Every structure is written in structure tokens, then in C-alpha cells.
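What you are looking at is a predicted structure, and each value in this text was computed from that prediction instead of being measured. All residue numbers refer to positions in the sequence shown, counting from 1.
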Amino acid sequence: MIETLIRVGTRYVPVRDVDHSAKWYREKLGATDSYCDDEKAILNLADQSFFLIRSLEGETSNFTDFKGNKRFSLTFEVDGMEALTTLHAKFKQEGVQTGTIEDRGHPGRNFVFYDPDGNIFDVWSILSPTYKALRKEAVLENER
């Protein structure tokens with residue numbers, strides 16, 4: 001066995017109001033609940049656990065780069081441009097604050113969106129080939 005990091009299992013996201021944010025993540029992003037109290041909510045989303053942690057006013061998972069640009073710390077992947085443009089349109093229709101679809105000079109396209117607490121997330125149109133293969137394998141397994 002090779003000792004190496006295999007996957008990211010949990011993401012911690014600072015929020016002001018746990019109930020309000022958990023509802024938003026369920027309704028807008030399709031997350032499902034695992035646990036919720038007044039200090040944290042544990043949600044399942046994109047094959048990870050998201051811990052929404054009640055935090056101080058103004059806390060976010062964002063950071064500022066050396067040029068002064070506000071940056072996200074997480075990129076979600078979708079499977080292709082059609083999926084990206086469909087999700088972008090859905091988010092806009094549902095009132096989710098989104099950026100424009102961008103060409104950042106690498107394969108695929110991206111856009112950012114914001115949760116109610118100002119946490120910025122990125123979406124990329126290219127699904128990891130390894131994950132795509134695992135996902136296809138899981139679908140085939142379920143069909144047997």
C-alpha cells in the first residue's frame with residue numbers, strides 16, 4: 001500500500017445562521033442533511049461532507065491573492081460545457097449570485113457563485129477523468 005492522500009472527505013464552511021444556510025445549500029445546490037444543530041450542519045454534496053459552522057460575522061472561506069483579488073478555495077466540477085451552461089442558467093434563475101462564464105486560458109470554462117454568507121465557489125466544465133471513470137463504473141455496478 002502506498003501512503004498517500006486519497007481524497008478530500010470534508011469541507012468546513014463558515015456561516016452566520018446554520019439553519020438558513022443549510023436550507024440554501026439544500027434548495028440551491030441539492031445538498032442532503034446528515035446532521036444539524038445550532039452550531040453546525042453536516043450536509044452531503046458532491047461526494048463530500050460539508051460542515052456549515054456557525055462563525056463570527058464576516059468570516060468566509062475566501063482569501064485575497066497578492067494582486068488584491070478575492071479568491072475562492074474550492075472548485076466544483078461538472079461534466080462538460082452543456083452541464084456548465086445549464087447549471088449557470090439554473091443558478092441565475094433561482095437568484096444565486098453568479099459571475100459570468102469565463103475562459104481562463106486553460107481547457108474548459110468556469111464561473112463563480114456565492115452562498116448567502118459571501119463564500120465564493122468555482123464551477124469548472126471539465127470533470128476529472130479519474131472521477132468520471134469511477135462514476136461510470138459505479139453506474140454500471142448499480143445496473144447489474
Worksheet item: Any side-chain heavy atom of Asn62 within less than 4.5 Å of one from Arg71?
Response: no
Discussion item. Are Leu52 and Leu43 packed together at the side-chain level, in the sense that at least one heavy-atom pair is separated by less than 4.5 angstrom?
Written reply: yes
Working to the nearest 0.5 angstrom, can you tell me the gap between [X] [atom1] and [Y] [atom2]?
| X | Y | atom1 | atom2 | result |
| --- | --- | --- | --- | --- |
| Phe76 | Leu45 | CZ | CG | 4.5 Å |
| Asp37 | Arg54 | CG | CZ | 9.5 Å |
| Arg26 | Cys36 | CZ | SG | 7.0 Å |
| Glu59 | Glu57 | CD | CD | 10.0 Å |
| Phe91 | Thr86 | CZ | OG1 | 11.5 Å |
| Asn119 | Thr60 | CG | OG1 | 5.5 Å |

Fill in: Verdict with supporting geometry, Met81 and Arg109, side chain to side chain contact (heavy atoms under 4.5 Å, CB included)
CA-CA 7 Å; Met81 273 303 296; Arg109 298 291 183 268; 3.4 Å; yes
Any sub-3.5 Å donor-acceptor pair from [X]'s side-chain atoms to [Y]'s backbone N or O?
| X | Y | result |
| --- | --- | --- |
| His20 | Pro116 | no |
| Lys28 | Glu94 | yes |
| Trp124 | Phe111 | no |

Item to complete: Please work out whether the ring planes of Phe50 and Tyr25 are parallel, tilted or perpendicular, with thresholds of 30° and 60°.
Response: tilted
Discussion item. Test side chain to side chain contact (heavy atoms under 4.5 Å, CB included) on Val13 and Asp115; report intermediate values, then the result.
Written reply: CA-CA 10 Å; Val13 180; Asp115 78 358; 4.0 Å; yes
Worksheet entry | Carboxylate-amine/guanidinium contact Arg104 Asp122, below 4.0 Å | yes
Item to complete: Check the side chains of Asp117 and Ser21 for a donor-acceptor pair under 3.5 angstrom, ignoring hydrogens and angles.
Response: yes
Discussion item. Please determine whether ring pair (Phe, Tyr, Trp, His ring centres under 6.0 Å) holds for the pair Phe113 and Phe121, giving the CA-CA distance in whole Å, both sets of side-chain angles, and the decisive distance to 0.1 Å.
Written reply: CA-CA 5 Å; Phe113 69 93; Phe121 299 102; 5.5 Å; yes
